[in-house]
Amino acid sequence: MQQILNKTYDPSSFETEVYNRSEKEFELQNSNNVYSIMMPPPNITGNLHVGHALTYTLQDILVRFYRQSGYNVLWQPGTDHAGIATQMVVERKLEQEGQTTLTRDEFIEQVWKWKQQSGDIIVKQQRRLGCSACWTRSRFTMDEGMSKAVAHAFVQLFKAGLIYRDKRLVNWDYKFKTAISDLEIVNKEEKGTLWYIKYQIADNDEYITIATTRPETMFGDVAIAVNPNDDRYKSMHGMFAIIPFTDRKIPIICDEHADMGKGTGAVKITPAHDYNDFIVGKRNNLPMINIFDENIHLLKNEYVPEFLAGIFAKKARKIIVEKLKENNLLVKAEEIMHSVPYGDRSNVVIEPFLTDQWFVDAPQLAKEALSAVEQKKTCFIPEKWVNTYYEWMKNIQPWCISRQIIWGHQIPAWFGPNGEIIVEETEEKAFKQADKLGIQHTKLIRDKDVLDTWFSSGLWPIATLGWPEKTEELEKFYPTTVLITGFDIIFFWVARMMMMCMYFTGKVPFADVYIHALVRDEKGQKMSKSKGNVLDPLVLMDKYGADALRFTLSFFSVPGCDLKICEDNVKISRNFITKIWNAARFLQYNNFIFSKNIEEINPKSLLCKWLLGKAQMLQQQINDDVKNYRFDYIAKDIQVFLREIFCDFFIECSKIADTTEVKQIASYVFFEFLRISHPVIPFVTDYLVHELYESDTLTTKDSHKLMSIKINYDEIKIVDNFVNTVHKIRSNDITNYEEELKQFPDELQALHKICTIR
RNA sequence: GGUCGCGUAGCUCAGUUGGUAGAGCACCGCGUUCACAUCGCGGUUGUCACAGGUUCGAGUCCUGUCGCGACCACCA
């Protein structure tokens, strides 16, 4: 027996129950039509923020739609170990507990322990949002399978010469004492000082003045460069200058790098501490002199004056400037605005630092990844993002993948006593290889470094399907149908997946890449804790229901535009869902016959034919919207149908034309409406269907008849005209409206009261 | 410096081969005889940034200008 629905729509009273009831339906189905999405694995340190809510909602809409349409849907969930981010969190926690002297292995054990305790918080939050992923297949980027895949990939790339070890300048994060990639840097525009410093010319009383923002690097100088066409310095070519506070002489050389318009036109060359100087140094066969240690303290060596040895660079700068002033070597100090690189996690200034690191030959791997997009094997939606992708891929630099941290995939490389490098998937294989090469394997030392988090993320689409084994799943679900993600990780993740997956499989990892925008506040500002404009999806769901949040995010997902959302928007969506709720209550109160299966759908009345026709058109629209990734239209079409067609017109008419046919068709169409809306608002639709139609869930395939009903569009048009006329009569306050209605068939004329309903 | 995007009602934005300017919110008026005040009915609101051009016709296509934003690079 049906329960009468509560007077008010209260999502918190049923959302959990609905989710639990349908969860078993999220697993793989038997069907030859395959649809697959790799869920971007959130960091285990994460909490669901509104950006997550957006990306998961859009993905869930797609997978629910295709699951309903009978596809075998794989939505692959999982979590990311998030190297530095996680290590930071755990370090802080251990520090608070006073545990600071752990060994490497003990620390790793602590991270795993922490992961077990708090790593699935975000997964619970994903469920709260209604994510219908294949949870039983959930993976972690450090689980056994992923670790094997990562080691395998590393070894393969190494053997192909696409991973190599090199001494290069890298971005050095002195807080974490690790190299980081170019992408992990954020540049901040800041006030700075450009110091003009005099270097004395050797064997001469003259001086040459250079300008620098980083005087503390001067002890690593190996030359001063001037432009060959610069008349000011022609007389100095081939002479030597002396670095202040030292007696080291450096040559004055000619190089195009020196820009006559900048500074004094003479520039100090410090190859070990500046990217441009590194290139100039190589070009001119200059030595590289490192003067920093890993903490960016000045080294104690023959290059650094004794009074600065062991001092932190930033502090050394002040001392040097003072000392220059005292010695009358500072010509001037100019205030300038310049951008300074910071570590995105550590928030400390990043220094170019000369170290041995592992690199991926990204320029080589990028070739295939680039041409695949050019050939439209992978399409970006909106299309404008292909330019961003091209731009980056064409200018891609070697990717530094080694990190001097603890938490991550340890690099499968072993060093021999004489600098030999052995790269194998396991220690066992490495030892065997050592024996073969005549190296005493007991003397092998494994590289302590771990891989950049994104190295494993880049393998996510294939590794989760069992690669490097040739599994059935890989055959079936790869390449995946679409990747949904934000533009902020096109480079971090999308590009890396393209490169690595294509290299290992020869196939693109996804046919489409849908790029959504950022969620901002109603003024278009980025949400941040300090501004206090952060929307917490968990709070919103508690207040208005998960459906309301999902509907809002879908509604505002205009392609290529940022979403400007405030709490009121969610409230408005909740109000719309209330409208659905109340429509259901109306049907209930008026003893409508709840059946989703009508034996024969062949109504006689224009009104019913019209409603069926409109429902069919809704289905068609939604099909198109989903195909075109127009999530905004999906929400709008659902809203317009329910409000304007079903409630405002049809239900109002049904109060006048209260026939059995009307009741049958109304309840049938309402069911179809719930089915069609389900991907966006799964909770309320499942609940209503369960309560009213005694059907468990809308999650799985439903062989609906809607699209096979024959519709006479001339008849639809007649009723459309009638609807328009009614609106006209209402707004113009026409009293003798019967005259206006005479053009319509008797059935519609009989509904004349609709013109005066207020 | 390079790339891309945006400027339409007070606000947030739709406007898909060029053909009479739309929605929601806000605002104003009316309405609580039972689906719905978490609401209904109705109304007001625009030199479509500016200037040219193509066209019978431009919010839509082209060129330029101004304003805003994002990303990348450089940063002696």
Side-chain angles (χ1 to χ4, degrees), chain A residues 5 7-11 182-183 187 189-190 192 194-197 209-215 217 224-226 257-270 274-277 334 336-341 382-392 394-395 397 487-488 490-491 517-518 520-524 526 544-545 548 555-556 558 560-566 568-569 571-590 592 624 628 630 632-633 635-636 639-640 643-644 647-648 651-652 654-655 727 730-733 755-758:
Chain A
L5 295 171
K7 185 164 164 54
T8 46
Y9 160 61
D10 175 19
D182 297 347
L183 291 175
N187 288 301
E189 195 73 18
E190 286 184 351
L194 184 60
W195 285 281
Y196 288 72
I197 301 168
T209 304
I210 56 92
T212 180
T213 52
R214 297 164 66 215
T217 63
I224 287 176
V226 296
H257 167 67
D259 185 333
M260 299 195 288
K262 279 187 188 167
T264 61
V267 58
K268 71 191 205 62
I269 302 299
T270 322
D274 182 281
Y275 287 101
N276 284 315
D277 294 0
E334 196 178 294
I336 53 158
M337 286 300 289
H338 65 156
S339 62
V340 181
E383 215 187 336
K384 65 169 182 176
W385 292 111
V386 296
N387 288 313
T388 307
Y389 177 82
Y390 286 157
E391 195 65 26
W392 196 67
K394 283 175 184 166
N395 298 307
Q397 298 296 311
F487 65 83
D488 49 333
I490 291 180
F491 306 138
L518 239 60
R520 295 171 181 279
D521 72 3
E522 73 273 28
K523 288 173 198 144
K526 242 184 186 169
Y544 304 107
F555 193 91
F556 284 93
V558 177
C561 286
D562 284 337
L563 290 81
K564 287 172 197 159
I565 291 178
C566 62
D568 264 357
N569 299 127
K571 193 169 157 188
I572 290 159
S573 300
R574 193 272 317 268
N575 293 355
F576 168 66
I577 296 167
T578 302
K579 187 76 179 167
I580 301 175
W581 185 265
N582 285 322
R585 271 166 39 89
F586 174 83
L587 302 189
Q588 237 184 3
Y589 269 110
N590 290 278
F592 277 60
D624 292 345
N628 299 323
R630 287 305 299 254
D632 54 335
Y633 287 179
K636 274 167 203 158
Q639 197 174 45
V640 166
R643 274 224 149 87
E644 296 179 12
C647 292
D648 296 353
I651 286 190
E652 291 310 318
S654 81
K655 292 176 182 170
H727 277 292
R730 280 176 176 176
S731 59
N732 293 343
D733 234 358
C755 297
T756 51
I757 285 179
R758 288 243 158 199

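Quick caveat, the model's predicted, so the values are computed rather than measured. By convention in this document, chain letters (A, B, ...) are assigned in the order of the sequence lines, proteins followed by strands, and residues within each chain are numbered from 1.
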Between CZ of A:Arg574 and C1' of B:C25 the distance, given in whole Å, is 15 Å

Out of B:C4, B:A76, B:A14, minimum distance to the side chain of A:Lys384 belongs to B:C4

Under 4.0 Å between a side-chain nitrogen and a carboxylate oxygen: does that hold for A:Glu652 and A:Lys655? yes

Whole-Å distance, A:Asp488 CG to B:G5 C1', equals 16 Å

Looking at every strand, decide which applies to A:Asp568 at a 4.0 Å heavy-atom threshold: base, sugar-phosphate, or nothing. nothing

The nucleotide from B:A35, B:A70, B:A76 with an atom nearest the side chain of A:Phe487 is B:A70

- [ ] Using the ring of A:Tyr390 (Phe, Tyr or Trp, six-membered ring only), decide whether A:Lys394 places NZ or CZ under 6.0 Å from its centre and within 45 degrees of its axis.
- [x] yes

A:Phe586 CZ to B:G40 C1', in whole Å, measures 14 Å

Checklist entry - Expressed in whole Å, how much space separates the P atoms belonging to B:C34 and B:U38? => result 15 Å

Report task. In whole angstrom, give me the gap between the C1' atoms of B:C48 and B:G7. Result -> 10 Å

Check: Which part of the nucleic acid does A:Asn187 contact within heavy-atom distance under 4.0 Å: base, sugar-phosphate only, or nothing?
Finding: base

message: I'd like the C1' distance from B:G43 over to B:A26, given in whole Å.
response: 14 Å

B:C11 -> Watson-Crick or G-U wobble partner, both distances under 3.5 Å, gives B:G24

| said: Any base atoms under 4.0 Å from A:His727, or only sugar-phosphate, or nothing? Heavy atoms, all strands. | reply: sugar-phosphate

Mind checking if A:Leu194 touches a base, just sugar-phosphate, or nothing, with heavy atoms under 4.0 Å? sugar-phosphate

Q.
Is it the case that the base of B:A35 and the side chain of A:Glu652 share a donor-acceptor contact (distance under 3.5 Å, atom types as modelled)?
A. yes

5'-most contact on RNA chain B (nearest-nucleotide basis), A:Lys262 vs A:Asp10, goes to A:Asp10

### Query
Base, sugar-phosphate, or nothing: which does A:Ala258 touch, judged by heavy atoms less than 4.0 Å apart?
base

Partner of B:G46 under the Watson-Crick or G-U wobble criteria, both distances under 3.5 Å, comes out as none

Closest non-hydrogen contact found for A:Asp277 with A:Asp274 is N-OD1, 3.0 Å

State whether A:Asn575 places a side-chain N or O below 4.0 Å from either non-bridging phosphate oxygen (OP1 or OP2) of B:C39. yes

Rounded to whole Å, the CH2-C1' distance (A:Trp385 to B:C6) equals 13 Å

| request: Test for a donor-acceptor pair under 3.5 Å between the base of B:C36 and the side chain of A:Lys579, counting only N and O atoms. | output: yes

Could you tell me whether A:Lys636 sits above the aromatic face of A:Phe555, with NZ or CZ closer than 6.0 angstrom to the six-membered ring centre and within 45 degrees of the axis? yes

- prompt: How far does the P atom of B:C61 sit from the matching atom of B:C6, given to the nearest Å?
  reply: 10 Å

Mate of B:U17 across any strand shown (Watson-Crick or G-U wobble, both atom pairs under 3.5 Å) is none

Ranking A:Tyr9 and A:Cys647 by the position along RNA chain B of their nearest nucleotide, the one closer to 5' is A:Cys647

When the P atoms of B:C11 and B:U47 are considered, how many whole Å apart are they?
-> 12 Å

_Surrounding CD of A:Glu383 (heavy atoms of other residues, nucleotides or ligands, distance under 6.0 Å), is the total greater than 12?_
no

Touch check for A:Thr264, heavy atoms < 4.0 angstrom, all strands: base, sugar-phosphate only, or nothing?
nothing

Closest to the side chain of A:Tyr633, out of B:C4, B:G15, B:C36, is B:G15

Using Watson-Crick geometry (N1-N3 plus N6-O4 or O6-N4) or G-U wobble (N1-O2, O6-N3), each under 3.5 Å, B:C61 is paired with B:G53

Whole-Å distance, A:Ile490 CD1 to B:C71 C1', equals 9 Å

(Q) Looking at A:Arg630, I'd like to know whether one of its side-chain N or O atoms comes within less than 4.0 Å of OP1 or OP2 on B:G15. (A) yes

Practice item. Taking atom P in both B:G69 and B:C30, compute the distance separating them and give it to the nearest angstrom. Key: 44 Å

**Item:** B:G22 versus B:U44 - spacing of their P atoms, nearest Å
**Value:** 12 Å

When both distances are under 3.5 Å in a Watson-Crick or G-U wobble arrangement, the nucleotide paired with B:G5 is B:C68

d(A:Cys647 SG, A:Phe586 CZ) to nearest 0.5 Å is 9.5 Å

The reported gap from CH2 in A:Trp581 to CG in A:Asn575 (rounded to nearest 0.5 angstrom) is 15.0 Å

Side-chain N or O of A:Thr213 closer than 4.0 Å to phosphate OP1/OP2 of B:A76: yes

Item to complete: Determine the Euclidean distance between corresponding P atoms of B:U16 and B:G59; express it in Å to zero decimal places.
Response: 13 Å

* Among side-chain atoms of A:Thr270 and A:Lys268, is any donor-acceptor pair under 3.5 angstrom? -> yes

ask   = If you look at every strand shown and take non-hydrogen atoms under 4.0 Å, does A:Phe491 touch a base, only sugar-phosphate, or nothing?
value = sugar-phosphate

- Task: Would you indicate what A:Lys7 reaches in the nucleic acid, counting non-hydrogen atoms under 4.0 angstrom: base, sugar-phosphate, or nothing?
- Result: sugar-phosphate

Hey, is the side chain of A:Arg643 poking within less than 4.0 Å of OP1 or OP2 on B:G24, counting only N and O atoms?
no

Under 4.0 angstrom, heavy atoms only, what part of the nucleic acid is A:Ile572 near: base, sugar-phosphate, or nothing?
sugar-phosphate

Between NZ of A:Lys564 and C1' of B:C25 the distance, given in whole Å, is 15 Å

Query raised in the report: So, do A:Met337 and A:Glu189 sit near enough that their side-chain heavy atoms are less than 4.5 Å apart?
Result: yes

From CG of A:Asn395 across to C1' of B:C74 the rounded distance in Å is 13 Å

Q.
Within the 4.0 Å heavy-atom criterion, would you say A:Ser339 contacts the bases, only the backbone, or no part of the nucleic acid?
A. base

Atom CG of A:Asp648 and atom P of B:G24 are separated, to the nearest Å, by 11 Å

Paired to B:C30 by Watson-Crick or G-U wobble criteria (both distances under 3.5 Å) is B:G40

